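Below is one structure; the comments refer to it alone.
In this text, all values refer to a predicted model and were calculated from it rather than measured experimentally. Ligands are counted one by one from 1 in listed order, and the atoms in each one are counted from 1 as well.
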Amino acid sequence: MGIIQSKTSLSQVPEHVAIIMDGNGRWATRRAMSRLKGHEQGAKAVREAVKGCRELEIPYLTLFAFSSENWKRPEEEVNHLMGLFRFFIKREMNELNSVGVRVNFIGNISRLPEDVQKLIEYAVDLTQNNSKLVLTIALSYGGQEEIVNAAKRLAEKVKAGDLNPDDICEEEFASSLDTAGIPDPDLLIRTSGEKRLSNFLLWQSAYSELVFLDVLWPDFRKNHLEQAVDEYCNRCRRYGAVSA
Ligand code: FPP
């Protein structure tokens, strides 16, 4: 979707939904459980989000599963999350593949344990020809780091004589990001009531509609996705222009 557009009301579902899955820890703490339990329930809610997107025929879903800042959490929690990612890939990939989901990962994947990197390669390979839904999982991802890396890639091209600095434009920059080839999110949802982007898709969310839901991520169900999509459909996007 081009940046300059004078589209007014949105009767159609978004093409790309991105979600900051927040509130696992609070969900567990409120039940006097360990935070790890919250992440386990959160992994189940991921299925709901995928199912909801398939039913609403939304072709792109991006989930913020682990940020570059999450490495600072206690070792036990980080290890548990890595275990959940392993389990998710091993357990869900055949089903996701059979229903036409293409799985994609963004972020600093080289920082993840080697076996998780191997599983990621396996999942990407297995599902590469699918086209019903592109599920992008952001792991060890930070928007600022992604932008810095894109700038480095462009600088290398300039240094090698393959790119003229005058030719660096928004499109060229976007194609150097981890999300190259994926449309920008139309709708960005954050659960748990917090109202921040927390370093997620900073470049890509320039014109996204932001919807903040009070539900904690482990309680997220299809109806919450529908509620956010309804709100999106009732908004008016002008991309900096005036209404028609
Ligand atoms: C934020 O809640 C959530 C995370 C840092 C982890 C997200 C991971 C999952 C939903 C589980 C697995 C995902 C996949 C793709 C299999 P928080 O811990 O910051 O919650 P709090 O703000 O209430 O403490």
Side-chain angles (χ1 to χ4, degrees), residues 17-54 60-97 101-109 111-113 115-124 126-127 133-143 145 178 188-201 212-222 224-225:
V17 173
I19 309 182
I20 301 175
M21 307 182 286
D22 194 16
N24 293 351
R26 274 163 284 171
W27 183 92
T29 308
R30 282 179 198 175
R31 287 166 177 76
M33 293 172 170
S34 111
R35 293 176 55 82
L36 310 185
K37 281 277 167 232
H39 294 314
E40 285 168 23
Q41 289 304 313
K44 291 184 187 165
V46 167
R47 293 174 67 114
E48 286 282 317
V50 172
K51 205 162 141 202
C53 282
R54 289 180 45 227
Y60 293 89
L61 171 65
T62 299
L63 300 174
F64 201 7
F66 193 85
S67 75
S68 36
E69 290 75 29
N70 287 154
W71 289 111
K72 294 183 215 142
R73 294 194 175 198
E75 199 181 339
E76 186 195 22
E77 186 169 340
V78 170
N79 289 341
H80 193 75
L81 281 165
M82 294 302 143
L84 282 178
F85 302 143
R86 270 183 202 105
F87 185 71
F88 178 80
I89 296 176
K90 284 184 189 160
R91 202 186 125 144
E92 304 288 337
M93 247 358 98
N94 282 340
E95 192 187 333
L96 290 174
N97 187 38
V101 176
R102 175 150 74 85
V103 186
N104 179 40
F105 292 83
I106 56 172
N108 188 353
I109 302 304
R111 236 184 129 176
L112 300 168
D115 67 315
V116 176
Q117 294 185 41
K118 289 248 153 50
L119 284 168
I120 285 174
E121 258 175 54
Y122 155 78
V124 170
L126 178 74
T127 62
L133 168 66
V134 177
L135 169 63
T136 300
I137 301 177
L139 279 183
S140 188
Y141 172 87
E145 186 181 348
D178 292 4
L188 193 151
I189 301 169
R190 181 175 188 143
T191 59
S192 92
E194 305 284 349
K195 297 181 175 65
R196 284 187 299 280
L197 282 181
S198 295
N199 208 7
F200 186 46
L201 300 179
F212 300 102
L213 299 175
D214 280 331
V215 64
L216 299 175
W217 178 253
D219 290 328
F220 184 91
R221 297 291 175 268
K222 275 188 308 168
H224 298 108
L225 179 69

In plain terms, say whether R26 and E194 are close enough for a salt bridge, that is, a side-chain N and a carboxylate O under 4.0 Å apart.
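Counted as a salt bridge, because a side-chain N and a carboxylate O are separated by less than 4.0 Å.
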Parallel, tilted or perpendicular: which describes the rings of F64 and F200, with under 30° parallel and over 60° perpendicular?
parallel
Please check whether E77 reaches ligand 1 - meaning an N/O of the residue sits under 3.5 Å from an N/O of the ligand, judged on distance alone.
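In this structure, E77 places no N or O atom under 3.5 Å from an N or O of ligand 1.
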For ligand 1, is there an N or O atom under 3.5 Å from any N or O atom of W27?
no
Can you sort out which atoms of ligand 1 are near [X], meaning under 4.0 Å from one of its heavy atoms?
X    : result
N70  : 5 (C)
W217 : 10 (C)
R73  : 5 (C), 17 (P), 18 (O), 19 (O)

Considering heavy atoms of the protein only, find what lies nearest to [atom] and give residue, atom and distance to 0.1 Å.
atom                    : result
atom 9 (C) of ligand 1  : N24 ND2, 3.7 Å
atom 24 (O) of ligand 1 : R35 NH1, 3.0 Å
atom 22 (O) of ligand 1 : R26 NH2, 2.9 Å
atom 3 (C) of ligand 1  : M21 O, 3.2 Å
atom 20 (O) of ligand 1 : G25 N, 3.0 Å
atom 13 (C) of ligand 1 : F85 CE2, 3.7 Å

How many angstroms lie between atom CG of D178 and atom CD of E145, to the nearest 0.5 angstrom?
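Reported value, rounded in 0.5 Å steps: 8.5 Å.
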How long is the gap from CD1 on I89 to CG on L84, to the nearest 0.5 Å?
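It is 11.5 Å, given to the nearest 0.5 Å.
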Contact between ligand 1 and L63 is defined here as a heavy atom of the residue under 4.0 Å from a ligand atom; is it met?
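The answer is no: ligand 1 sits nowhere under 4.0 Å from a heavy atom of L63.
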Could you pull out, from Q41, H39, R91, R47, the option with a heavy atom nearest to atom 4 (C) of ligand 1?
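Answer by nearest heavy atom: H39.
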Give the single entry among S198, P218, A65, G83 that approaches atom 6 (C) of ligand 1 most closely by any heavy atom.
A65
Can you find a heavy atom in the side chain of I120 that is under 4.5 Å from one in the side chain of L112?
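The answer is yes, as the side chains (C-beta and beyond) meet within the 4.5 Å cut-off.
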Does some side-chain heavy atom of V17 sit less than 4.5 Å from a side-chain heavy atom of I189?
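Side-chain contact under 4.5 Å: yes.
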Does the Lys NZ or Arg CZ of R31 fall within the cation-pi geometry relative to W27 - under 6.0 Å from the ring centre and within 45° of the axis?
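Pair R31/W27 counts as cation-pi.
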Non-hydrogen atoms of R111 and S68 that approach each other most closely
NH1-O, 4.1 Å
Do side-chain atoms of N97 reach the backbone of N94 as a donor and acceptor pair under 3.5 angstrom?
no
